[in-house]
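Data block below; observations after.
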Protein chains: 2
Amino acid sequence: MALGPGSQTHADVLRSTIRGAGLKVTAPRVAVLDVLQHAPHSSAEQVFAEVRKSLSGTSAQAVYGILAAFTGAGLVRRFDPPDSPALFECRVGDNHHHLACIGCGLIQDVDCVIREAPCLTPSDDSGFTIFSAEVTFNGLCRTCQSNRAPQTA
Amino acid sequence: MALGPGSQTHADVLRSTIRGAGLKVTAPRVAVLDVLQHAPHSSAEQVFAEVRKSLSGTSAQAVYGILAAFTGAGLVRRFDPPDSPALFECRVGDNHHHLACIGCGLIQDVDCVIREAPCLTPSDDSGFTIFSAEVTFNGLCRTCQSNRAPQTA
DNA sequence: CAGTTGTTTTGACAGACTCAAAACAACTGC
DNA sequence: GCAGTTGTTTTGAGTCTGTCAAAACAACTG
Ligand SMILES: [Mn+2]
Ligand SMILES: [Mn+2]
Ligand SMILES: [Zn+2]
Ligand SMILES: [Zn+2]
């Protein structure tokens, strides 16, 4: 199927997302955003490795800089699970949370614990003005549970 | 006041806490526990600096090792706020949470968001068995709010 | 198409933490 | 009390993740 004059490629969408955030559009930025959309919860290192597959000249520092710029612009969200480098994802602005498997490191999204605007309202805010809440549930995923269960017998 | 035969010094309490966790009692361990009780939410580096005041021979690696041992034994809790080294505290087992000031780095305790056992029950656990939840509220403390307010005028 | 501004590369470097081996100290039981 | 066993600490090197600054470079502006 040929694309008509008014149609937009996927790359075009990425470009306007970046431009819409007030950032200049560059090849490494398009690549980073693309990687992040296909592989959420990626570390800088993982993004870097993936980006290099299509843009081999890209430096690690560029990736760090791009991730910081995107995070600052609200295009991506960064979070810091324990015992892991920072992870990045495009799902932003919905205050969702994460399940982290202690066994294998798997990360899964979880919707906001209480419905509504919640999770941004602690029982006593001590005068703080709260902008965001980071909730990480640490546990064992289904796979790691079955891998350990036999050993208990 | 002289201490009778049955009385316990503060150091004695620390010692039996450590022994009760199944760990050998050593001077650096007693010192670390003492520091942590007086200064919760301390980094390894801060604990190290404080310990050296009374036990100047102690190495940084010892402090890292002790903190890891204490954390493993359930004697202290470790948490990882964004943009900060890991912090340690003695308040353990109550699943409490933290307010972190984006401006000055102040950390404050918050009781569990929902009362009861909560915060350990995400809306959908995807089959995970959950052991702990780490909740960090990011915002501005009262002081940082007033420091910034004038600039808005 | 040249100018301005923001971006990327390059290379050095720092912070937080880990690893391994040897020296050492705490508990065990004689 | 004292040697043995086991766990701890020191020492020293090294890793991983991320930061800084300057120069080369590319995107948007008009
Ligand atoms: Mn997510
Ligand atoms: Mn606390
Ligand atoms: Zn798992
Ligand atoms: Zn503050």
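First the proteins, then the strands, lettered A, B, ... as listed; each starts at 1.
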So ring-ring contact (aromatic ring centres under 6.0 Å, His included) across residues 39-78 of chain A, not counting sequence neighbours, yields A:His41-A:Phe79, A:His41-A:His98
So OG of A:Ser43 and CG of A:Leu67: to nearest 0.5 Å the spacing works out to 9.0 Å
With sequence neighbours left out, the residues meeting side chain to side chain contact (heavy atoms under 4.5 Å, CB included) with A:Val25 are A:Arg15, A:Ile18, A:Arg19, A:Val30
Using a 4.5 Å side-chain heavy-atom cut-off and chaining through intermediate ILVMFWY residues, the residues clustered with A:Val13 come out as none
Exercise. Answer yes if the side chains of A:Gln108 and B:Ser126 hold a donor-acceptor pair under 3.5 Å, and no otherwise.
Key: yes
Closest heavy-atom pair, B:Leu55 versus B:Ala31, reported as atoms and distance to 0.1 Å, is CD1-CB, 3.7 Å
Counting primed atoms, P, OP1 and OP2 as sugar-phosphate and everything else as base, the B/S/- map of nucleotides 4-21 of chain D against protein heavy atoms under 4.0 Å is --BSSSBBBB---SBBB-
Note on DNA chain D: ranges paired as stems (three or more Watson-Crick/G-U pairs in a row, both atom distances under 3.5 Å) are C:1-30 with D:1-30
In short, side-chain hydrogen bond (donor to acceptor under 3.5 Å, both in side chains) pairs touching residues 30-39 of chain B with sequence neighbours left out are B:His10-B:Asp34, B:Asp34-B:His38
